Protein chains: 2
Amino acid sequence: MESNTNVITRRERDCLVTLEEDSPKNFPMRLHQIAQTLRVKPPTALNVIRRLERKGLAESKDGMVILTESGDKVAKSILLVHRTYESLLCQSGVSENSACSEAAEVDYIIPAGNARLILKKIGSPKLCPHGKPIPEEE
Amino acid sequence: MESNTNVITRRERDCLVTLEEDSPKNFPMRLHQIAQTLRVKPPTALNVIRRLERKGLAESKDGMVILTESGDKVAKSILLVHRTYESLLCQSGVSENSACSEAAEVDYIIPAGNARLILKKIGSPKLCPHGKPIPEEE
DNA sequence: TCCACTTATTAGTATCATACTAACGATATT
DNA sequence: AATATCGTTAGTATGATACTAATAAGTGGA
């Protein structure tokens with residue numbers, strides 16, 4: 001019945017974030033590069049891409065992969081949560097590197113709405129601890 | 001090689017928390033009661049229990065299930081994270097019920113050490129929004 | 001004592017995410 | 001043309017999750 005669309009796994013999250021961050025100006029990314037970034041073999045990466053395609057988050061042709069509009073939104077929302085949580089952790093006394101890897105564990109689970117509320121509570125910083133901008137609205 | 005001990009799945013988390021909260025004074029819990037609480041059939045619940053046993057977190061005999069000392073520690077640490085995150089969300093403006101279900105999504109992923117730092121940052125409340133005590137140390 | 005009920009357990013099946021190797025095809029480079 | 005690179009397919013494997021059906025084992029009542 002329900003195939004749990006709009007629920008995302010950790011691997012899918014990593015793939016979305018890779019596509020968002022490593023291919024800025026609407027440029028496609030090559031499959032083997034995605035595979036290398038995710039540290040998996042190409043068939044495994046392709047498998048992840050296929051799942052993203054089924055969820056309407058990515059499109060691919062001849063190994064060129066791009067995010068759809070919907071995928072871009074999801075990726076940006078993940079980055080919002082990521083940088084918000086990172087900021088919270090750093091303000092609490094966690095090291096930058098530690099904060100980043102911890103954030104990756106939860107940024108695809110925590111809803112963006114909650115992150116925005118947390119962001120306000122911790123003083124609405126404009127940049128994450130690494131100096132990257134925290135996305136405003138979608 | 002490494003079988004990912006001390007990493008826990010969502011179902012295992014639910015099972016640990018059920019055992020911790022629904023069977024206080026070292027009393028065993030019946031399998032069918034666990035199954036009902038988790039809203040799964042008994043064989044499914046048994047399967048989860050078996051995984052917890054393999055990880056050294058639970059023990060069972062004739063359908064009587066208890067947490068091991070190790071399992072108790074893990075469960076308490078999950079509750080610490082749960083109530084900390086719940087408190088953070090509520091302070092940020094999220095409703096109690098929403099905060100509770102959101103917290104369950106991440107409380108088994110966020111390390112207790114981080115939760116303690118966050119707890120300090122948000123003013124070291126002694127109780128979660130529901131009025132339950134936030135565990136001190138392990 | 002025998003039957004019915006509850007409970008636990010086993011066996012078997014299914015799905016989904018993850019990941020690999022091996023093999024094949026296409027393209028590009030030397 | 002030979003080689004290297006890349007994508008893709010096929011096949012296999014594991015682990016978590018979940019189910020049904022069947023069996024076992026105990027309890028309580030008629």
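Here is how names work: the chains are called A, B, and so on, in the same order as the sequence lines, proteins then strands, and each is numbered from 1. In this text the structure is predicted, and so the values were computed from the model without any measurement.
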Query - Summary of salt bridge (charged side-chain N to carboxylate O under 4.0 Å, His left out) pairs that have at least one residue in residues 60-72 of chain A, sequence neighbours excluded - result: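 Qualifying pairs: Asp72(A)-Lys76(A).
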
Requested in this report: Quick one: which residue pairs count as a salt bridge (charged side-chain N to carboxylate O under 4.0 Å, His left out) with a foot in residues 97-112 of chain A, not counting sequence neighbours?
Outcome: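 Sorted result for residues 97-112 of chain A: Arg10(A)-Glu105(A), Arg13(A)-Asp107(A).
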
Query raised in the report: Applying the 4.5 Å side-chain criterion to the ILVMFWY set and letting contacts propagate, would Leu117(B) and Ile109(B) be lumped into a single cluster?
Result: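 As far as the 4.5 Å side-chain criterion goes, Ile109(B) and Leu117(B) are connected within one cluster.
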
Nearest whole angstrom, please: distance from the [atom2] of [N] to the [atom1] of [X].
X: Arg39(B); N: dC19(D); atom1: CZ; atom2: P; value: 12 Å
X: Asn47(A); N: dA10(D); atom1: CG; atom2: C1'; value: 12 Å
X: Leu46(A); N: dA10(D); atom1: CG; atom2: P; value: 12 Å
X: Tyr108(A); N: dA17(C); atom1: OH; atom2: P; value: 13 Å
X: Arg10(B); N: dA18(D); atom1: CZ; atom2: P; value: 10 Å
X: Leu31(B); N: dA18(D); atom1: CG; atom2: P; value: 14 Å
X: Glu12(A); N: dC16(C); atom1: CD; atom2: C1'; value: 10 Å
X: Arg11(B); N: dC19(D); atom1: CZ; atom2: C1'; value: 13 Å

Tell me whether the side-chain N/O atoms of [X] come closer than 4.0 Å to OP1 or OP2 in [N].
X: Arg50(B); N: dG15(D); answer: no
X: Arg30(B); N: dA8(C); answer: yes
X: His32(A); N: dG7(D); answer: yes

Query raised in the report: In the 5'-to-3' direction, what one-character label does each nucleotide of nucleotides 21-30 of chain C receive under the scheme B = base within less than 4.0 Å of a protein heavy atom, S = sugar-phosphate only, - = no such atom?
Result: BB--------

Report task. Answer whether the closest heavy-atom distance between the side chains of Asn114(A) and Ser92(B) falls below 4.5 Å. Result ->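 Contact flag for Asn114(A)/Ser92(B) side chains = no.
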
**Report entry** Results of side-chain contact (heavy atoms from CB on, under 4.5 Å) for Ser70(A) - residues two or more places apart only
**Finding:**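 Here the qualifying residues are Leu57(A), Thr68(A).
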
Requested in this report: Could you list the residues that satisfy side-chain contact (heavy atoms from CB on, under 4.5 Å) with Ala103(A), not counting sequence neighbours?
Outcome: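 Partners of Ala103(A) by the side-chain contact (heavy atoms from CB on, under 4.5 Å) criterion, ordered by chain and then number, come out as His82(A), Tyr85(A), Glu86(A).
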
Query raised in the report: When rounded to the nearest 0.5 angstrom, what is the spacing between CD1 in Ile118(A) and CD1 in Ile122(B)?
Result: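 Atom-to-atom, Ile118(A):CD1 and Ile122(B):CD1 are 10.0 Å apart.
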
Query - Gap separating the CG atom of Leu16(B) from the CD atom of Glu21(B), nearest 0.5 angstrom - result: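 If I round to the nearest 0.5 Å, the distance is 11.5 Å.
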
Query raised in the report: Got a sec? Which of residues 57-68 of chain B come in under 4.0 Å of DNA chain C, heavy atoms?
Result: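 Asp62(B), Gly63(B) - these, ordered by number, are the residues of the stretch whose heavy atoms sit under 4.0 Å from the strand.
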
Requested in this report: State whether the number of non-hydrogen atoms from other residues, nucleotides or ligands found under 6.0 Å of Lys41(B) atom NZ is greater than 12.
Outcome: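 No.
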
